[in-house]
Amino acid sequence: MRAPVLIPLLVLGPALLEAQAESSAALASRITAAAALPALAEEIRGSGVSRSELTSLLDVFRTKNIPAPDAKVILEEERSAARDHGPVPGLGSFVQARLDEGLRGRELAAAIRAEHAARGIGGDGMSGNARGKSAERGNASGRGNRDDQAPARRDDERTTPESRADDRKTSDTASRKPSEPGNRKADDAGNRKVEAPR
Amino acid sequence: MRRIICGVALALAACASDDDTPPAARATDSVAVDTSMAMVTRAATVTLGVEAMPAKADSILAAASLTIEEYEALMYRIAADSALSALYGDAIGGKR
């Protein structure tokens with residue numbers, strides 16, 4: 001009677017032990033990933049991400065029961081993206097939305113990188129919102145300045161050798177003091193020559 | 001002599017201000033510190049145990065009365081707080 005019980009156990013025993021070892025290894029890797037999170041979080045805080053942003057992100061992971069290896073991948077991506085492009089406001093809500101869409105692991109990390117590239121700081125010290133506002137302001141004033149500069153460049157391109165010679169004379173006279181009587185004559189002549197083509 | 005008197009007066013004032021703290025607030029603070037320390041100790045125990053014996057990960061978690069999800073939630077809470085992260089880092093001896 002014992003033989004029918006023992007034989008399957010002897011056959012299945014190694015397979016069961018192997019499965020248990022695999023599950024232990026998976027568990028250990030999850031624990032190792034989770035164990036690295038506090039240090040990783042410190043590095044992210046050090047790279048300029050605000051405490052509240054990071055807290056909201058970690059709260060999302062906690063409430064959604066995200067496995068630590070996935071969270072580690074996302075946080076590593078966030079760390080490098082924050083270093084490259086600066087922090088992005090509303091990171092927690094962004095990640096929550098992507099998680100709701102079903103993105104996980106590498107896909108989510110790629111989405112975070114893209115978000116940083118689109119909205120992060122590109123070395124100009126501005127967040128995405130600030131950059132948007134600046135762009136709007138640029139339409140009103142910044143671009144206007146550029147338009148002011150553009151005709152000047154066009155004038156330079158149009159200059160003939162004669163007008164360039166006139167410009168040289170003008171600059172020579174400008175470098176002299178206008179209070180000197182000889183210079184005043186030269187100034188007048190230079191101005192006349194410059195005005196003549198108009 | 002005046003300096004000594006001033007120093008003693010300042011020390012007494014500091015003690016007096018400490019005593020002004022309501023007992024309930026002090027109790028709340030100490031509970032918060034105890035809770036934080038318990039959290040960090042629990043997490044660090046599991047981390048160090050699994051690091052030493054990865055094959056016994058399930059037993060180590062069970063000994064700490066934690067599931068893997070609970071342990072991860074604990075680590076998320078620690079990571080969210082820089083003071084707890086520093087305590088945890090010290091507890092595991094600066095290992096990552």
Side-chain angles (χ1 to χ4, degrees), chain A residues 16-76 78-79 91-92 95-96 99 104-105, chain B residues 25 28-96:
Chain A
L16 285 171
L17 283 174
E18 200 176 314
Q20 196 184 349
E22 272 177 26
S23 72
S24 279
L27 209 56
S29 76
R30 267 179 90 164
I31 290 170
T32 308
L37 296 179
L40 197 52
E42 274 305 303
E43 286 178 25
I44 292 170
R45 278 187 281 264
S47 65
V49 175
S50 73
R51 285 161 196 271
S52 58
E53 289 286 352
L54 186 62
T55 302
S56 67
L57 182 61
L58 290 163
D59 283 347
V60 168
F61 292 156
R62 187 160 53 87
T63 52
K64 290 197 170 284
N65 285 327
I66 302 296
D70 283 359
K72 193 183 171 204
V73 168
I74 292 163
L75 289 178
E76 281 172 345
E78 172 57 24
R79 177 187 58 186
L91 180 73
V95 170
Q96 184 157 18
L99 285 169
R104 293 287 186 278
Chain B
T28 312
D29 287 349
S30 66
V31 166
V33 169
D34 287 350
T35 310
S36 300
M37 284 307 295
M39 261 168 52
V40 169
T41 309
R42 213 171 170 197
T45 305
V46 173
T47 303
L48 291 172
V50 171
E51 207 170 81
M53 290 177 287
K56 302 274 181 192
D58 48 356
S59 309
I60 292 162
L61 275 177
S65 307
L66 287 169
T67 62
I68 182 65
E69 287 80 14
E70 286 168 345
Y71 172 75
E72 284 172 341
L74 191 60
M75 294 311 299
Y76 289 141
R77 285 185 69 184
I78 290 171
D81 188 309
S82 56
L84 291 182
S85 295
L87 276 174
Y88 171 81
D90 289 344
I92 61 167
K95 292 174 188 171
R96 287 179 187 180

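For the numbers below, each heavy atom of this structure counts, side chains included, while hydrogens, waters and symmetry mates do not. Chain naming here is simple, since letters A, B, ... match the order of the sequence lines and numbering starts at 1 in each.
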Nearest atoms (heavy-atom pairs only) where A:Arg45 meets B:Ala80
NH1-O, 3.5 Å
Heavy atoms, side chains only, cut-off 4.5 Å: are A:Pro69 and B:Glu72 in contact?
yes
Nearest 0.5 Å please: distance from the CG atom of B:Asp81 over to the CG atom of A:Leu58.
10.5 Å
Output the option from A:Thr63, A:Leu57, A:Ile66 having the highest count of non-hydrogen pairs under 4.5 Å with chain B.
A:Ile66
Any side-chain heavy-atom pair from A:Pro38 and B:Met75 closer than 4.5 angstrom?
yes
Name the option with the most non-hydrogen atom pairs under 4.5 Å to chain A; the candidates are B:Ser59, B:Ser85, B:Pro54.
B:Ser85
Residues which pass ring-ring contact (aromatic ring centres under 6.0 Å, His included) with B:Tyr76, listed by chain and number, not counting sequence neighbours
A:Phe61
Please classify the contact between B:Leu61 and chain A as side chain, backbone, both or neither, with a heavy-atom cut-off of under 4.5 Å.
side chain
B:Ile60 side chain near A:Ile31 side chain, heavy-atom distance below 4.5 Å:
no
Is a side-chain donor or acceptor of B:Tyr88 paired with a backbone partner of A:Ala39 at a separation under 3.5 angstrom?
no
Heavy-atom closest pair, residues B:Ser82 and A:Glu42
CB-OE2, 3.0 Å
B:Ala79 and A:Ala41: which non-hydrogen atoms are nearest, and at how many Å?
O-CB, 3.3 Å
Do you know the tightest heavy-atom contact between B:Ile68 and A:Arg30?
CG1-NE, 3.6 Å
Shortest non-hydrogen pair, B:Ala73 vs A:Arg62, comes out as O-CD, 3.4 Å
A:Arg104 atom CZ, over 12 foreign heavy atoms within 6.0 Å
yes
Do you know which two heavy atoms are closest between B:Ala57 and A:Ser24, and how far apart they sit?
CB-O, 4.0 Å
